[in-house]
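A short write-up of the structure that comes next.
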Amino acid sequence: MSFDKEELEKIKEEIWEQEYKKLPKREANFTTISGMDVPPLATPAEVNSFDCISDLGFPGSYPFTRGIYSTMYQGKLWTMRQFAGFGTPEDTNRRFKFLLEQGQTGLSTAFDMPTLMGYDCDHPRAMGEVGKEGVAVSSLADMEMLFDGIRLDEVTTSMTINCTASIILAMYLVVAEKQGVSWDRLDGTIQADMLKEFIAQREWICPPGPSVKLVVDLIEFCSKLVPKWHPVSISGYHIREAGSTAVQELAFTLADGIGYVEECIERSLHVDDFAPQLSFFFNVHNDFLEEVAKFRAARRMWAKIMRERFGAKNPKSWLLRTHAQTAGCSLTAQQPLNNIVRVAIQALAAVLGGTQSLHTNSMDETLALPTEEAVTVSLRTQQIIAEESGVANSIDPLGGSYVIEVLTNRIEKEAFDYIKRIDDLGGIIKAINIGFPQKEIADAAYRYQLELDRGERVIVGVNKYIADEEIPIQTLKIDEKVDAGQDS
Amino acid sequence: MGDEIRVRILIGKAGLDGHDRGAKIVARALRDAGFEVIYTGLHHTPGMIVETAIQEDVDAVGISILSGAHNHIFPEIIRLLKEKGADDITVFGGGIIPKDDISGLVEKGVKAIFEPGTPTGDIIKWVKENVQLRNP
């Protein structure tokens with residue numbers, strides 16, 4: 001591609017802009033959902049440093065803007081991994097098997113609050129919470145039931161658990177042993193990202209310092225003994241759900257990643273011995289262009305951080321492998337069927353962004369945990385994108401789109417600015433201790449809420465196109481007796 | 001506002017659930033609307049919330065729950081308020097609470113449940129209309 005930049009800018013200014021400025025525009029907000037300016041028309045002139053080789057490169061090559069594998073979805077589709085867990089281990093085991101029968105390709109486990117916080121289900125603080133937000137696991141026997149009839153060397157399993165991650169992983173390893181599966185054949189991910197707990201999800205049992213020590217223990221253990229396992233999933237999902245902008249999500253997540261790498265190196269681990277096992281987890285929200293750009297910027301930034309900042313030599317250390325989940329906070333309780341469309345748009349953005357695995361939310365999740373029908377629709381959404389839409393035929397199909405490249409560059413720059421501010425504060429743990437990321441996110445969340453309340457941003461069915469009468473949908477009920485059943 | 005006595009509201013997070021985006025937004029919106037707002041922070045038991053409500057002499061308690069434990073936590077707070085002779089404190093709440101559960105909670109004494117997507121203006125208006133000073 002070659003063009004005369006001066007001539008292009010001249011034509012743009014003298015012809016197009018003259019027309020554009022004269023004509024009236026709709027009364028609407030033309031910024032992204034995060035409040036970022038988008039050029040009304042992007043041309044090669046806006047893509048300042050667009051170097052096809054050094055900025056984009058090729059999929060599978062540094063800096064991985066276009067994807068971490070050379071074949072991407074032609075080699076293997078993303079893993080369709082629906083987050084599931086409720087009630088007793090028997091209930092969730094049934095849901096796992098149902099999802100696998102429907103063509104899901106990996107498991108993802110949701111644990112209930114007492115399990116996440118380290119309480120047995122007969123503890124007084126667990127009252128009312130057992131089996132509600134996920135599956136209740138208090139013992140190895142529960143864990144064996146959870147994976148009953150599922151060969152752990154034939155699936156990859158993700159487990160969303162943080163404070164008590166090491167205990168649950170230990171149980172998983174024992175379940176594998178009992179099935180005769182050796183640890184080196186286990187593939188999957190345990191979230192174990194405590195830094196984002198302090199920033200956003202806010203489930204902790206000890207302060208940041210010792211919490212990070214436990215995470216580093218897991219990374220060290222897995223790097224030596226469970227070589228295919230991802231011992232941490234560095235998560236922006238919860239940061240975004242807490243109300244951050246896309247740039248804040250990316251910046252704080254990568255800053256958390258930097259924090260873990262620094263702590264591992266502090267413990268004398270060699271960066272190339274553990275970095276290939278690190279993994280990430282991002283949110284995918286409504287703003288389609290911004291989200292595609294965010295995933296592309298994330299890969300390029302992490303590659304630079306690992307190679308330039310930490311001197312990693314193994315190309316596998318440079319890869320940002322990521323799971324993505326559609327944005328729970330974008331779903332509405334009003335006119336819930338509309339959520340199917342939101343999820344489809346978000347899922348498409350994650351795929352065009354080059355994710356390695358994806359959870360699509362169900363339309364009823366603002367009301368309760370999803371029904372089998374709702375979760376099937378959300379899984380089918382992924383299958384339609386994968387096998388009907390054609391987007392998986394070409395790698396990074398939006399690469400080279402002027403606006404996508406402009407946004408990718410801008411998100412990268414703004415996120416690196418945040419990382420610089422965190423470095424200046426003395427690193428992410430110190431920044432968390434003084435509440436820096438927490439305050440930035442709370443301010444963004446409040447700003448967004450005020451924009452909604454003033455009608456400056458539209459949520460269909462909530463502050464515009466409101467239905468006179470809502471048609472109720474069926475929701476899942478968790479048996480209140482799970483508490484009692486687990487006590488025995 | 002000056003020296004005028006303002007309605008005091010306790011915003012609380014009960015149970016093990018840490019999702020506090022909604023609680024913090026509502027606390028901030030009520031504060032900006034001129035109410036005196038106290039936020040409990042996370043991981044409180046119903047007993048701790050009732051204790052705080054009484055010590056802080058609040059006029060209303062607003063609870064945010066996204067963990068599905070609402071059918072346990074709201075009735076327990078109302079029972080404890082009654083036990084302590086403080087059942088003139090108005091209890092309201094919000095979060096991920098299925099429509100089918102709302103009438104049961106209202107029967108047990110919760111004055112209002114705000115569902116996801118409620119504008120902060122609606123909550124402010126409701127508080128203005130439904131919460132009176134207990135000791136004017």
Side-chain angles (χ1 to χ4, degrees), chain A residues 86 112-119 124-134 197 200-205 238 241-243 328-329 331-334 364-369 438 441-443 445-446 448-450 452-455 459 461-463 466 470 472-473 475-478 480 483, chain B residues 13-33 39 41-48 63-77 94-105 113-125:
Chain A
F86 61 91
D112 70 356
M113 289 304 313
T115 308
L116 295 178
M117 297 292 280
Y119 293 105
R125 292 210 63 152
M127 274 179 71
E129 313 229 21
V130 178
K132 287 283 162 47
E133 225 182 26
E197 292 296 329
Q201 188 168 243
R202 313 184 72 67
E203 285 151 18
W204 55 71
I205 51 181
H238 320 79
E241 290 289 298
C329 64
L331 303 184
T332 65
Q334 297 77 5
D364 52 356
E365 291 188 55
T366 47
L367 306 167
L369 293 187
Q438 298 94 312
I441 295 166
D443 287 347
Y446 194 51
Y448 178 69
Q449 183 64 44
L450 294 179
L452 291 181
D453 288 352
R454 288 193 295 254
I459 299 185
V462 174
N463 65 358
I466 299 164
E470 289 283 341
I473 58 166
T475 56
L476 185 79
K477 298 258 182 300
I478 307 293
E480 295 285 339
D483 269 346
Chain B
K13 281 292 296 178
L16 302 174
D17 161 37
H19 296 91
D20 60 356
R21 175 176 180 173
K24 287 195 296 199
I25 283 178
V26 170
R28 207 153 160 172
L30 290 171
R31 182 201 67 185
D32 289 353
Y39 173 47
L42 294 170
H43 309 147
H44 282 235
T45 62
M48 288 157 78
I63 302 292
S64 164
I65 302 182
L66 288 86
S67 67
H70 47 272
N71 286 335
H72 168 73
I73 284 167
F74 280 111
E76 186 62 8
I77 287 174
I96 303 292
I97 297 172
K99 265 196 172 33
D100 292 356
D101 290 351
I102 293 177
S103 56
L105 294 174
I113 293 287
F114 296 102
E115 294 174 80
T118 307
T120 55
D122 290 7
I123 301 174
I124 293 165
K125 182 165 176 276

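Because the structure is predicted, anything quoted here is derived from the model rather than measured. Every chain is numbered from 1 and lettered A, B, ... according to where its sequence line falls, protein lines coming before strand lines.
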Heavy-atom distance under 4.5 Å between the side chains of [X] and [Y], does that happen here?
| X | Y | result |
| --- | --- | --- |
| B:Ser67 | A:Glu129 | yes |
| B:Asp20 | B:Ser64 | no |
| B:Leu30 | B:Ile124 | yes |

For each of [options], tally heavy-atom pairs with chain A at distances under 4.5 Å, and name the one with the top tally.
| options | value |
| --- | --- |
| B:Asp32, B:Thr118, B:Ile97 | B:Asp32 |
| B:Pro98, B:Gly95, B:Gly22 | B:Pro98 |
| B:His43, B:Lys24, B:Lys99, B:Glu115 | B:His43 |

Just give me the residue among [options] that pairs up with chain B most often, heavy atom to heavy atom, under 4.5 Å.
| options | answer |
| --- | --- |
| A:Ala242, A:Gly461, A:Ala333 | A:Ala242 |
| A:Val462, A:Ile441, A:Asp453 | A:Asp453 |
| A:Thr366, A:Leu369, A:Leu452 | A:Thr366 |
| A:Gln449, A:Glu241, A:Arg125, A:Glu197 | A:Arg125 |

Which answer fits [X], side chain, backbone, both or neither, if we ask what part of it has an atom under 4.5 Å from a heavy atom of chain A?
| X | answer |
| --- | --- |
| B:Leu42 | side chain |
| B:Asp122 | neither |
| B:His70 | neither |

Under a 4.5 Å heavy-atom cut-off, does chain B meet the side chain of [X], its backbone, both or neither?
| X | result |
| --- | --- |
| A:Pro114 | both |
| A:Phe86 | neither |
| A:Gln334 | side chain |

For B:His19, does its backbone N or O pair with a side-chain atom of B:Lys13 as donor and acceptor, under 3.5 Å?
yes

Look only at the side chain of A:Glu365 and the backbone of A:Leu331, and say whether a donor-acceptor pair between them is shorter than 3.5 Å.
no

Mind checking salt bridge (charged side-chain N to carboxylate O under 4.0 Å, His left out) for A:Glu203 and listing every partner two or more places apart, or none if nothing turns up?
none

How far does CD1 of B:Ile65 sit from NZ of A:Lys132, to the nearest 0.5 angstrom?
10.5 Å

Just verifying a value: how many Å separate A:Leu367 CG and B:Asp101 CG, rounded to the nearest 0.5 Å?
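A:Leu367 atom CG to B:Asp101 atom CG measures 11.0 Å (nearest 0.5 Å).
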
Looking just at side-chain N and O atoms, do A:Asp364 and A:Thr475 make a donor-acceptor pair shorter than 3.5 Å?
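The criterion, which ignores hydrogens and geometry beyond distance, is not satisfied for A:Thr475 and A:Asp364.
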
